[in-house]
2 protein chains.
Amino acid sequence: MKRELLADGEAPSVAEAVLNAGFDMANCPVRDVMDHIGGKWSSLMLLTLSTKPHRFGELKRAVPDISQRMLTQTLRDLQRDGYISRHVFPTVPPSVEYRLTELGESIMPPLSALVAWAVDNHPKIVEARKVYEEGAE
Amino acid sequence: MKRELLADGEAPSVAEAVLNAGFDMANCPVRDVMDHIGGKWSSLMLLTLSTKPHRFGELKRAVPDISQRMLTQTLRDLQRDGYISRHVFPTVPPSVEYRLTELGESIMPPLSALVAWAVDNHPKIVEARKVYEEGAE
DNA sequence: TATACCTGATCTCAAATTGAGACTATAGGA
DNA sequence: TCCTATAGTCTCAATTTGAGATCAGGTATA
């Protein structure tokens, strides 16, 4: 395995590798990638599309509180970065299908791991916020 | 293991679990967590703090193009959500040390995996953008 | 025939978020 | 006395976001 995951207390090898060796802040891959897939809707889009290809309207229904404007823009961004592909079917009215590319599929294992962590640890975060708010009074 | 990582082509079990079972969009853990650690600077902060505790000024030097305002705010947000702790030393001038909490440590394995993916696949994304721009002309 | 409606996408304007840079307090050193 | 360093905060302009109307074009309904 090229990079090992960190166990609690283990030396953070990935972080050190990234932060030390050739870490150009001006053209930082971490920020460049995280900015996009960390966007407000991107992870939810990728997660939804990982189950199966979706049409525009399906995505809108799957993620109800996204505005049409942001849906279009999020899809454009993901397409631009090569995570998803866009297929127009010349039906009437025209329908458009979005699906993960190979690159998009390849990010799902680490992204899913992070999402799983998020779901598992969400209660702790909510609790931490409550404690913080109480301390701030 | 509670959740398994996905191999390419495997059924996206995490995504389905999240999207189906009790997935309340209004109080979505995925968005709630990703919004914060996916923020423009959060992942870089966590990554930097995972190597060792840092003082405010050290963080500013480690992430040069963050503004002081956003550094303060990002640290507050991470502290509020329980990822990092803040220790004030009553020296003159006072110095403040930030370090990962147990919760913060626990997110590093999945976050590091994603960062590793980002570093490994950054060239493909840059290439995808180039192709997209050319096709758009 | 006229009207409503479906699709995916865009336009406009107001609201929220962000960045740049100046400003605060205190104390030590030149 | 003036300059430096620390960890922030404050203000204002620029960018990003959301809500809602609008578009194009063809089909179903009245």
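Every chain is numbered from 1, with letters handed out A, B, ... down the list of sequences.
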Visitor: To the nearest Å, how far apart are K60(A) NZ and dG8(C) C1'?
Guide: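 Taking atom C1' of dG8(C) as the reference, NZ of K60(A) is at 9 Å.
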
Visitor: Please report, rounded to the nearest Å, how far the C1' atom of dG8(C) is from the CZ atom of F56(A).
Guide: 6 Å

Visitor: Take E58(B) and R69(B), find for each the nucleotide of DNA chain D with the closest heavy atom, and name the residue whose nucleotide sits nearer the 5' end.
Guide: E58(B)

Visitor: Starting at CG of D65(A) and ending at C1' of dT17(D), how long is that distance when rounded to a whole Å?
Guide: 14 Å

Visitor: What is the distance, rounded to the nearest whole Å, between atom CD1 of I84(B) and atom P of dA7(D)?
Guide: 14 Å

Visitor: Starting at atom CG of L71(A), determine the distance to atom C1' of dT17(D), rounded to an integer number of angstrom.
Guide: 14 Å

Visitor: Between K124(A) and E102(B), is there a salt bridge with N-O shorter than 4.0 Å?
Guide: no

Visitor: Could you grab the distance from atom CG of D81(A) to atom CG of D32(A), nearest 0.5 Å is fine?
Guide: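 Here the interatomic distance stands at 7.0 Å.
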
Visitor: Are the charged groups of K130(B) and E127(B) less than 4.0 angstrom apart, N to O?
Guide: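 Yes, charged N to carboxylate O under 4.0 Å.
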
Visitor: Any side-chain to backbone donor/acceptor pair from S42(A) onto G38(A)? Under 3.5 Å, distance only.
Guide: no

Visitor: Within this structure, what is the CG-to-P distance between D77(A) and dT15(D), rounded to whole angstrom?
Guide: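 After rounding, the gap between these two atoms is 17 Å.
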
Visitor: Contact class for S95(B) vs. all strands (heavy atom < 4.0 Å): base, sugar-phosphate, or nothing?
Guide: sugar-phosphate

Visitor: Backbone N or O of S106(B) within a donor-acceptor pair of the W117(A) side chain at under 3.5 Å?
Guide: yes

Visitor: What is the separation between atom CE on M70(B) and atom C1' on dC12(D), rounded to the nearest whole Å?
Guide: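 From M70(B) CE to dC12(D) C1': 16 Å.
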
Visitor: Counting any heavy atom closer than 4.0 Å, what does K40(A) reach on the DNA or RNA strands: base, sugar-phosphate only, or nothing?
Guide: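 Sugar-phosphate, no base atom in range.
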
Visitor: Here's a test of your reading of the structure: between Q73(A) and P93(B), which maps to the more 5' nucleotide of DNA chain D?
Guide: P93(B)

Visitor: Remember a base hit wins even if backbone is also touched, and classify F89(B) as base, sugar-phosphate or nothing at under 4.0 Å, heavy atoms.
Guide: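 No contact.
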
Visitor: Taking only side-chain nitrogens and oxygens of W41(B), does any of them come within less than 4.0 Å of OP1 or OP2 of dG19(C)?
Guide: yes

Visitor: Given dT6(D), dA27(C), dG18(D), which nucleotide is nearest the side-chain atoms of V92(B)?
Guide: dA27(C)

Visitor: What is the distance, to the nearest angstrom, from the CD atom on Q68(B) to the C1' atom on dT11(D)?
Guide: 15 Å

